[in-house]
Amino acid sequence: LPEKIKEYVRNNPQTQLDFTIGNTQELLTMLEDGKIDFAIIEGYFEKSGYESRTISRESYVSVCAMDYPLENVADIRELLSHHLLVREDGSGTKEILERYLTEQGYRLSDFTKVSVINSIHVIKQLAETGYGISFLYEIAVKKELEEGNLRIIPIKDFALTHEFNYIWRKNSVFSDFYLEIYDTLIRENHKIVK
């Protein structure tokens, strides 16, 4: 997106774009409070309350350091004895894991040790050192996987994917403008899910 944003602002000099980074719940609250106009989120949201466009569907994986003492995993239960590095409450990344664990009959508290960290960057760094394991989007760790700093933990019958969505408040008078931004900045750069 950075190159497309630069191009968009150059072609539309009257437009000022301000960016806020936050977890899903923070961004939804900011949308409702009128503090931001639109958001790109990866967490769950009430689709009836927003206009949205799906940007992509991404794989959700478990990762660890290359030399972390863990091989093929037959069941999520085998990971419970490991130190889990997880995002904070309100994060879509955490909510996806919690929902999956619930479906399997477990909770985050079933892990031997859980560290809550509000930064994917820090989670990746800690996982790279062998401090623990984490569940993140494969696209978020693409560079670390390619460089050999992290590896995916193969878990039998674990194949989660989740949508990334571009959203704004329903019935906004600025919907056409938000769609223009979506078409210019996002649609041309990402695999779009229809």
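Numbering starts at 1 and runs along the sequence shown.
The closest side-chain donor-acceptor pair between N23 and Q25, if any, does not fall under 3.5 angstrom. In summary, the side chains of Y44 and E95 do not present any donor paired with an acceptor at a separation below 3.5 Å, with no hydrogens or angles considered. In this structure, a donor-acceptor pair under 3.5 Å is present between the side chains of N165 and T54.
Screening W168, F177, Y178 against F38 for a ring pair (Phe, Tyr, Trp, His ring centres under 6.0 Å) leaves a single residue, Y178.
Not a single donor-acceptor pair under 3.5 Å links the side chain of S134 to the backbone N or O of L136. Under the 3.5 Å distance criterion, the side-chain polar atoms of K124 are matched with a main-chain donor or acceptor of A140. Side chain of T102 to main chain of E98: a donor-acceptor pair is present (N/O by atom type, distance under 3.5 Å, no hydrogens or angles). Put simply, the side chain of D33 never gets that close to the backbone of K35: no donor and acceptor are under 3.5 Å apart. Between the side chain of S52 and the backbone N or O of I167 there is no donor-acceptor pair closer than 3.5 Å. In this structure, E51 contributes its side chain and R169 its backbone to no donor-acceptor pair below 3.5 Å.
A salt bridge links D89 with K94; the closest basic N to acidic carboxylate O contact falls under 4.0 Å. Ion pairing between E138 and K142 fails under the 4.0 Å rule for side-chain N and carboxylate O.
H82 has its ring centre less than 6.0 Å from the ring centre of Y68.
One finds the CD1 atom of I123 at 12.5 Å from the CD atom of E128 (value rounded to the nearest 0.5 Å). Note that CG of L160 and CZ of R57 are 11.0 Å apart. Values are rounded to the nearest 0.5 Å.
A pairwise comparison of heavy atoms in S62 and F158 identifies N-CE2, 4.4 Å as the closest pair. Across every non-hydrogen atom of E58 and S56, the tightest pair is OE2-OG, 2.6 Å.
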